[in-house]
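Structure, as C-alpha cells:
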Amino acid sequence: MKSLMYRQARWCATHPGGVLLVAALLSLLAIVAAARLPVHTSRQALLPQDTDVARRLSTFLGKFGAASDLMIAIEGAPRAELESYATELARRLNQQPEIAYATERLDTDFFARHAYLLAPRTALTRLEQGLSLAADAPSVPLDSMLAAAGDTLAAVPSGPGPDLQQMTTTIRAADALLAEWQRWLGASQPPDTVDWSGLLSAVGARELGNGYFASHNGQMLVVFVHPRDASEAFETLQPFNERVRSVAGGLAREYQASGRPAPSFVLTGMPAIEYEEYLDIERDIKLVIWTAAGLIAALILLVVRSIRWALAIFIPMGLGALWSLALALLTVGHLSIITSSFLAILFGLGADYGIFTSSQIAEARRAGKPLIEAIGTGIAGSFSAVMTAGGASLLIFGALATVEFPGFAELGRVAAGGVLLILLGTWLVQPAVYALFPPRLAVPPTPAGPRPRPGRRGAFARSLAWLWVGLALATAWIGIRAGLAIPFDYDVLSLLPADSTAAQYQRRMASETDYQSEVIIFTASNLDDMRRITAGASALPTIARVQSITQLFPEDATERVVSAKTIGRAAQAPGLQRQLDLLDRQGLDEPTFSRLRTVLEKAQTRIEEGQEQAFSAGHETLVHELESLRTRLESLRASLAANPAQTRDRSERFLCALVGEARRGREQLAGWDSARALSPGDLPPSLRDRFVAPDGTLAAYAFPAESVYDWDYLERLVREVYAVSPEATGFPTTHEAFSRAVVESFGQGTLLAIAVCLAWLLLILRSLRGFVLASLPLVIGGGWMLGLMALLGLRYNYANIIALPLVIALAVDYGVWFSHRWRALRQAGPLAVTLDAGKVIALAAGTELAGLGAITLASYRGVSGLGMDITLGLLSCLAATLLVAPAIGQLIDPTGKP
C-alpha cells in the first residue's frame, strides 16, 4: 500500500496543474450544491419519523394545521389600552394571508347566550327557582334587604358547612366583590364599569369576564396566532413571523403617534422560537466558518512561519470540507441544529492530516531527497498513521450513523463523508499544492540517516513511570464514574441565546399564565369520546387547564334547554324590572348607608367566629381564606369610616353600576326563551377552526401544570395523558420521545464508537504494544474530560451530549501519531520522541482548538456549549498524550529505548 501511495503522490506532484484544475471544478460544483443546502431548525426533523408519536403528530397536522400557535405577549400599558390593542391587533392579523386565525379572547357573547349549556346543573336549577319566585314578588327596598341580611347574620349557625369546596368558592367570590367595591372607593376618578375579572377568577371562570387571555395578575395579555401553513421550514416561518411582527409594530407606532400609551409586545411560542433558532444558527454558521478558517490559517502561519506551508495544509483541508457540504446535500439533504456547526470541527480535524503528511515530507526533504521524491516518501511514510487515525474517525462517525436518533445519525453521515473527502484531498491535492509552492525548509538538508541520537533523556525511573501511569488511570476512572453521574438538562430553551426574548417569555407563559405553547392535544371522532377524554384530562393533577368544546354539548342538553326557556320567560316578568327600577331610584341614602355599615360589622364578627371554628376543625385552607376576607372587610370598613360623605357617594355609584349590570343580565337571560341545543356547525369560526377539523375530528388542548422540561414531571404527565387517551399528541409527547431517543442513542453511539475505534486500531496496528500506546492516552483523556465536566458543574444537553464521541474521533490522532513516531524513532529517547511528535501533535491540536474556539463564540448556547465541552476533551487528551504516553511507552516497550 505504501508503494501505491508513493507512486500516486509522485504522479499528483508531477501533474499539479491538472490535479488542481479538477479540484477547482469539483469545488465550483460543491459551492452550487452548498448554496442549496437547507438548514432545518425544527426539532420534529430530528425525531424518528417511523414511530407512533411522530405519526400521531403528522395526522393531527394534516387535519388541523400547526400543532403550536405563535403567542404575542402584550404588556406595558393600562389594562384598557392592552385590551384595545389586542382586539385591533387580532382584527388586523386575521386579514393577513399567512395567518389562519388570530384570537385575543373567547367569544364571550356566544358563551353568554349559551351559558345554560355551561353552568352547573344545580346552579341552573337554583336560578330557575329563584327567578320564578321573584317574577311575581313585590318590590323590596334596599333598606329592607339589608335589615333581612342583618337578621340572617345573627340567626344562621356559624361554623364550616359540609361542602368545603363550595364554601371556599363563596368566600373568594365575596372577597373579590369587596375588592371591587374598594377599588371604586379608592380610585382618583369613579370607574365607569364594574370589573368582573376578580370575581370570575375567584369562581374559576376568569376567561368568561371580558374573555381576554391574560396572565394571573392581569397585566399581560396573550394573542394566539395560528399559521395557515403548518410547515416548520424557514420559507414558511420567516414570512409568518415577520408579518406578525410588522402588523404588531405598525399598530404600536400608530398608538404612539396618536399620543396613546403604546403596549410593548414580544413574539414567543414554538413558531417564534424555531424562527429565532434559525436566525441564530444561520448567523453562527457564518461566524463560525469564517472565524475557524481564519484562526486555523493564522495558527498555522504563526507556527510554521511559511505561507507556502500553510497553503499546503489549508487548501486540501478547505477543499475537502467544501466537498463535504455537497456530499451532505446528496446523502442527508439538509443540515440540522446539530450538524450545522460541524464544519468548524471538520476544519480542525482535517488540518491534522495535512500537518502529519507535510511534516513527513519536510523530514524527507531534510534528509536530502529531491522535492518530488520527498513528496512521495512523505505521503507514503505518513500513510499508515493518517489512515489509522482517519479511518478510526471515519468509523466512529459511521457508528453514529447507525443510531436511532436522526440528529446523531445525520451527524455521523455528514462527518464520515467529510473525513473521507478531507483524506482524499490530503492524499491527492496536497502533493500538487506542495509541488507548486514548496515551502522553504527552516533546517537545511542533511545526509540521509537517523537524525535522533541515542540516549535516555527524559526517561522515567521505572517505579515512577508505574506511579505516574497508575495515577493517570486512577484519575481517569474517577472522572468516568463522575461523568456517568452528570445529569441531563431536558430544557431546550436553555440552548437558545441567553438574551433570547422568545425563550424568556416562554418561561413567563409557564409561570405567570395558564397558557403554554407546549400543549397536549387530544383528538376524538365523536362527542362521547371527547367528553370522556375532557373529563379524564381535567381530573389530572399534571394538567392546569383543558380547552374543549364539550361543555357546549352536555349530555343533558335537552333538559337544560327546557330549564333555560323557563328562565327566559321568568326573566321577562315585569316584577324583576320593577325591583331594579326601585333600587335605581332609591340609591343609597344616609340611613341606608348606615345600615349597610352595620351589616358589614356583623359580617366581620361572623367571619371571626367562623375562623375559630374552622381552625378547631383543622380546615387550614378555609382559615386562610376567611382571614383574607376578614382583612379585606376590615380595610373596607376603615375606608367607609374615613370619609363617609365621599365613600357614600362612591358606594352609591357602585350600586348603580351593579344595577346596570343586573339589567343587562336580565336582558341576556330573557333571550333564553329561544334556547336550543347546539351542533359543532353552530360554533363561531374562532372555535370551529381550532376545535373541529374539516372531517369532523374533534380536538381538545390541555395546558401542562408545570414545565415540560422537568423530566420527572414530563414522564408523569405523558404517562397520565396516555392513560386518558393513547392517541394524545403535541409537543410534550414528542419531546418525551425525542429525549428518550437522544439519551438512548448517546449511550449506544458512544459505546459503539469506542468499540469500533479500538477494534480498528488493533486491526491496523497489529501490535498490542502499539495499540496500547495509541489508545490509552485517548482513554485517559476521555476520563479527565468527564471529570472536568463534573467538577465544573456542566450538564449534558441535546447539543453537547455528543461531545464524548466527537472527542474520541478528534483526539484519536494524538495517540496514533505518538505511537507512529515512537516506532519510527527506535533509537531516540522518550524526551526526543515527545519533542518530535509533540510539535506536530500540538499544532494539530491547536488547529482543532482554533476551530472549536470559533464555535464557542456562537450566540446559540447549544453550539457554544458543545465547543466548550469538546475543548475540555481535546486539552485533556493532548495532556494525556504528551505527559503520560511517554511513560506508557517506556513501560510497554522497555527494550525499545536505550
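Atom set for the values below is all heavy atoms of this structure, side chains included, hydrogens, waters and symmetry mates excluded.
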Item to complete: Give the minimum heavy-atom separation between Arg648 and Asp589, together with the two atoms involved.
Response: NH1-CA, 4.0 Å
Worksheet item: Do the side-chain N and O atoms of Gln572 and Asp673 include a donor-acceptor pair separated by under 3.5 angstrom?
Response: yes
Identify every side-chain donor-acceptor pair in residues 245-254 under 3.5 Å, counting partners at least two apart or on other chains, and give the distances.
from   : atom 1 : to    : atom 2 : distance (Å)
Glu254 : OE1    : Arg92 : NH2    : 2.8
Glu254 : OE2    : Arg92 : NH1    : 3.0

Worksheet item: Without hydrogens or angle criteria, can the side chains of Trp184 and Ser651 be said to hold a donor-acceptor pair below 3.5 Å?
Response: no
Fill in: Arg690-Gln547 side chain donor-acceptor pair, cut-off 3.5 Å
yes
Item to complete: Look at the side chain of Thr268 and the backbone N and O of Ala502, then say whether any donor-acceptor pair between them is shorter than 3.5 Å.
Response: yes
Practice prompt. Say whether Arg260 and Ser84, considering side chains only, have a donor N or O and an acceptor N or O under 3.5 Å apart.
Written response: yes
Worksheet item: When the aromatic ring centroids of Tyr701 and Phe522 are compared, is their separation below 6.0 Å?
Response: no
Discussion item. Could you check whether any side-chain heavy atom of Leu124 comes within less than 4.5 Å of a side-chain heavy atom of Arg121, counting everything from C-beta outward?
Written reply: yes
Worksheet item: After noting the C-alpha distance and the side-chain angles of Arg688 and Asp682, does the key distance pass the salt bridge (Lys or Arg N to Asp or Glu O under 4.0 Å) rule?
Response: CA-CA 8 Å; Arg688 188 171 58 249; Asp682 297 321; over 6 Å; no
Response to the item:
Only one of Glu667, Gln668, Glu661 passes side-chain hydrogen bond (donor to acceptor under 3.5 Å, both in side chains) with Arg664, and that residue is Glu661
Worksheet item: Does atom CD of Gln95 have more than 12 heavy-atom neighbours from other groups under 6.0 Å away?
Response: yes
Discussion item. Can you confirm if the NZ or CZ of Arg508 lies within 45° of the ring axis of Tyr505 and under 6.0 Å from the centre of its six-membered ring?
Written reply: yes
Discussion item. Over 60° means perpendicular and under 30° means parallel, so tell me whether Phe224 and Phe703 are parallel, tilted or perpendicular.
Written reply: tilted
Discussion item. Please determine whether salt bridge (Lys or Arg N to Asp or Glu O under 4.0 Å) holds for the pair Arg630 and Asp175, giving the CA-CA distance in whole Å, both sets of side-chain angles, and the decisive distance to 0.1 Å.
Written reply: CA-CA 9 Å; Arg630 187 196 67 78; Asp175 192 5; over 6 Å; no
Fill in: Side-chain ion pair, Glu634 and Arg637, N-O less than 4.0 Å
no
Item to complete: Tell me, please, which residues at least two apart from Ser538 pass side-chain hydrogen bond (donor to acceptor under 3.5 Å, both in side chains).
Response: none
Discussion item. Using a 3.5 Å distance criterion without hydrogens, assess whether the side chain of Ser639 forms a donor-acceptor pair with backbone atoms of Ser635.
Written reply: yes
Discussion item. Between Asp710 and Ser707, is there a side-chain donor-acceptor contact under 3.5 Å, judged purely by atom types and distance?
Written reply: no
Practice prompt. Mark yes or no for whether Tyr515, through its side chain, and Met71, through its backbone, hold a donor-acceptor pair below 3.5 Å.
Written response: no
Discussion item. What I'd like to find out is whether the side chain of Leu118 reaches to under 4.5 Å of the side chain of Phe111, using heavy atoms alone.
Written reply: yes
Fill in: salt bridge (charged side-chain N to carboxylate O under 4.0 Å, His left out) partners of residues 123-132, not counting sequence neighbours, each pair once
none
Discussion item. Using the rule given for salt bridge (Lys or Arg N to Asp or Glu O under 4.0 Å), can you reason through Glu590 versus Arg595, listing the C-alpha separation, both sets of side-chain angles and the distance that settles it, and then say yes or no?
Written reply: CA-CA 9 Å; Glu590 185 60 43; Arg595 186 178 293 276; over 6 Å; no
Discussion item. Which heavy atom of Thr513 sits nearest to which heavy atom of Met220, and what is that distance?
Written reply: CG2-CE, 3.9 Å
Worksheet item: Can you tell me if Gln586 and Thr592 form a side-chain donor-acceptor pair at under 3.5 Å?
Response: no
Response to the item:
Taken in chain and number order and not counting sequence neighbours, the residues that satisfy side-chain hydrogen bond (donor to acceptor under 3.5 Å, both in side chains) with Asp581 are Gln577, Arg663
Item to complete: Scan residues 568-577 for pairs that pass salt bridge (charged side-chain N to carboxylate O under 4.0 Å, His left out), counting only residues two or more places apart or in two chains.
Response: none
Worksheet item: Excluding sequence neighbours, so at least two apart, what forms side-chain hydrogen bond (donor to acceptor under 3.5 Å, both in side chains) with Arg578?
Response: none
Worksheet item: How about Arg79 and Gln219: does a side-chain donor come under 3.5 Å of a side-chain acceptor?
Response: no
